[in-house]
Number of protein chains: 2
Amino acid sequence: MTKKKSKHPTLSEVAKKAGVGTTTVSRVINGGQRVDPQTLARVQKVIESLGYMPNQAARILKGDRTRSIGFVIPSIADPFFSSCAEAAQAIARAHDSLLIVLTTQNDAHAEVESVNVLLRHRADGFILAPGNSQSQVLRTLLKRVQVPVVTLDRPMEGMPIPAVVADNFAGARMATRHLIDHGYRRIACLTGEPTLYTLHERIKGYQKEIETAGLEMILDASIKDYRSAEYAVESVLAAPNPPDALLTLKNSTTIFVFEALQKLGISVPERVALLGYDDFELAATVRPSISVVQQPIEALGRTAAELLFSRMLDGAGAEKDRGKMVELHTRLIPRASCGCRPPQN
Amino acid sequence: MTKKKSKHPTLSEVAKKAGVGTTTVSRVINGGQRVDPQTLARVQKVIESLGYMPNQAARILKGDRTRSIGFVIPSIADPFFSSCAEAAQAIARAHDSLLIVLTTQNDAHAEVESVNVLLRHRADGFILAPGNSQSQVLRTLLKRVQVPVVTLDRPMEGMPIPAVVADNFAGARMATRHLIDHGYRRIACLTGEPTLYTLHERIKGYQKEIETAGLEMILDASIKDYRSAEYAVESVLAAPNPPDALLTLKNSTTIFVFEALQKLGISVPERVALLGYDDFELAATVRPSISVVQQPIEALGRTAAELLFSRMLDGAGAEKDRGKMVELHTRLIPRASCGCRPPQN
DNA sequence: CTGAAAGCGCTAACAT
DNA sequence: ATGTTAGCGCTTTCAG
């Protein structure tokens, strides 16, 4: 109401009011090197009184980094990705950068749009969990991107983009092996959307181990919600030669299947054992407790962010990581549902 | 390797290559109004071939909005806040804006720093879930903020900032009433950090209803992890006149307490009933299923974001919402742990 | 130690 | 319909 546009005070306003040049003010807000202590104090006082804050846009325009990175994931409500996000945000903060979260529901169009948004905002780099590594539009777009990119959880196969993933294949093999070691011989694998890289890899791991052991593969990839899980469990157990163990390949599937088993009154692990992929908060609390393959979720997010920053800071030397794939190890957490412990624990 | 700095192509480069003025290019990228179809096509072709993308920073510098909003929350791994974030991000996207997520672990210093970061970036507004509404630094800072702010889940008491919260007081009253109606007479309330607005309100609701019914208040606000939960459950049940019902006031507390009850082999609801605050994925699946007060989480995030945008778009007219407090209703989901259903369900 | 001045990429008068 | 030009707020040579 006093000035013309009552907006934010500018650097030159500070300079004028402090009776110094803009250069000096600039120096002050950038660490105060090479400035007379007297002037420095005076300028700081003016900054204080005016409530001045440097305008990022102007700095960026001068060619600086934007100090922001993008984080493009299917959903932020998904505990897997929200934990990754928490870790990534911590790394971003440590590098004095902002994390811009964009969600895509695994939709290729949304992914392209998100990347475009980040490009316009001149994000310094971004982390991406692509729903489908085959999307041509996305691949084409990514080829033109000038800033560092790191994929998380799912690589863009055949592209020179570093990826941070869990060892899905090995994890599923280990899980299958564990069930075999328990003496189970008819091990069914339950999952959803095998188009996702992670699930695809896990299915391959299951398959590999089953074949190695000379057993029969029993695969049902139709699970998308509780309904389909209940249906799948009923059908598979009603078959002539029903499975004695169930391997579920992702968190929601495990939970749906567990709910179905419970609802149908099927005793675990007596009638059928259960081993899930992805740990979850109540896995150790439900009865029976659920054995799972645990992914290093937090480490995935952290590693992806660290890798991204290392590439960003490396300048052009980022070549060294091109197409590099970091595989983090998963662990098997044995609990009661696979038969490792009495059902009461 | 061809040009000097091999950076992003600029608008004037496009103009030059297309043989037009910068204004024309500007018009093209802003909808192409008042441009000859011929030229428009030509310019678009050049844009395409150069892979040109407008530089947001330059636009912002011209005085435009930054088309980004801040989202400052304690943690993004917390399912409550990540669901809010998902909803807020959807609204932001609908308004063609970015969501910048900042986490604070409820630390006042981190909150102030986060707000400062957003201010420097000239975010168009932000949503904030303050850990402690009393923090003087934060209050002072917020007073100087020029852009719209909306608090989420926890208001800044006594400040002219609109708040979107759940009806914590009413929710806890309703829960307590429900237990009383079941015939329980010794109802213990278990919780953590009563400094948080939400918990404080819920405790007051519990207290109010207990007093109204002429019962004795039994409060333990010491729960912060599984250890303390187990300890609290043991002590409270070992007392001379132990409770016949437990009311837990937040999601993690409910889960810790449930785990402790299970571990200690205490039958629910026979020996002691349990009613929790916040629904969670397996609440209906564990045995017994847990009755809870369910918060409209997604609506909280959505409403906060909508309110923020309405204030942002309102220009100065945003006065109308000053200090307004939107209270969203919670629901009681009766399951087995309070005695509403046989333990098997 | 400090200041003047030249842009960074874009938009918006103001011309033509 | 389209070009010219003056900044937006800041950093950064280059001279004092």
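Quick caveat, the model's predicted, so the values are computed rather than measured. Below, chains carry the letters A, B, ... as their sequence lines are ordered, and counting in each starts from 1.
Look at CZ on A:Arg34: it is 14 Å from C1' on C:dG3, rounded to the nearest Å. As a whole-Å value, the separation of A:Asn30 CG from D:dG9 P is 17 Å. Rounded to an integer number of Å, the gap from CZ of A:Arg27 to P of D:dT12 is 10 Å. Taking atom CE of A:Met53 as the reference point, atom C1' of D:dG9 lies 15 Å away to the nearest angstrom. If you measure from atom CZ of B:Arg59 to atom C1' of C:dA12, you get 14 Å, rounded to the nearest angstrom. The CD1 atom of A:Ile60 sits 12 Å away from the C1' atom of C:dG9 (whole-angstrom rounding). One interatomic measurement links the two molecules: OH of A:Tyr52 to P of D:dG9, which rounds to 10 Å at whole-angstrom precision. The nearest whole Å value for the distance from the CD atom in B:Gln56 to the P atom in C:dC10 is 10 Å.
Nucleic acid contact class of B:Gly19 (heavy atoms, under 4.0 Å, all strands): sugar-phosphate only. Contacts of A:Thr10 with the nucleic acid, taken as non-hydrogen atoms under 4.0 Å apart, involve only primed sugar atoms and P, OP1 or OP2. Residue contacts shown for A:Val20 are limited to sugar-phosphate atoms, with no base heavy atom under 4.0 Å away. Within the 4.0 angstrom heavy-atom criterion, base atoms lie near A:Thr22. Across all strands, B:Ile29 comes closer than 4.0 Å only to sugar-phosphate atoms, never to a base (heavy-atom distances).
Counting only heavy atoms from C-beta on, B:Asp36 has its side chain closest to D:dT2 among D:dT2, D:dT11, D:dC10. Of the candidate nucleotides D:dT2, D:dG3, C:dG9, D:dT2 has the atom lying nearest to any side-chain atom of B:Val35.
A salt bridge does not link B:Glu13 with B:Lys17: none of the charged nitrogens is closer than 4.0 Å to a carboxylate oxygen. Using a cut-off of 4.0 Å between Lys/Arg side-chain N and Asp/Glu carboxylate O, B:Arg144 and A:Glu48 are scored as not salt-bridged. Salt bridge A:Glu111/A:Arg139: absent, no basic N to carboxylate O contact under 4.0 Å.
For A:Lys62 against C:dG7, a side-chain N or O and a base N or O form a donor-acceptor pair under 3.5 Å.
The side chain of B:Thr23 contributes no N or O atom lying less than 4.0 Å from OP1 or OP2 of D:dT2.
Residues A:Leu102 and B:Leu98 come closest through the heavy atom pair CD1-CD2, 3.8 Å.
Mapping B:Thr39 and B:Arg122 onto DNA chain D by nearest heavy atom places B:Thr39 closer to the 5' end of the strand.
Annotation: the span from B:Thr103 atom OG1 to B:Asp78 atom CG amounts to 11.5 Å, rounded to 0.5 Å.
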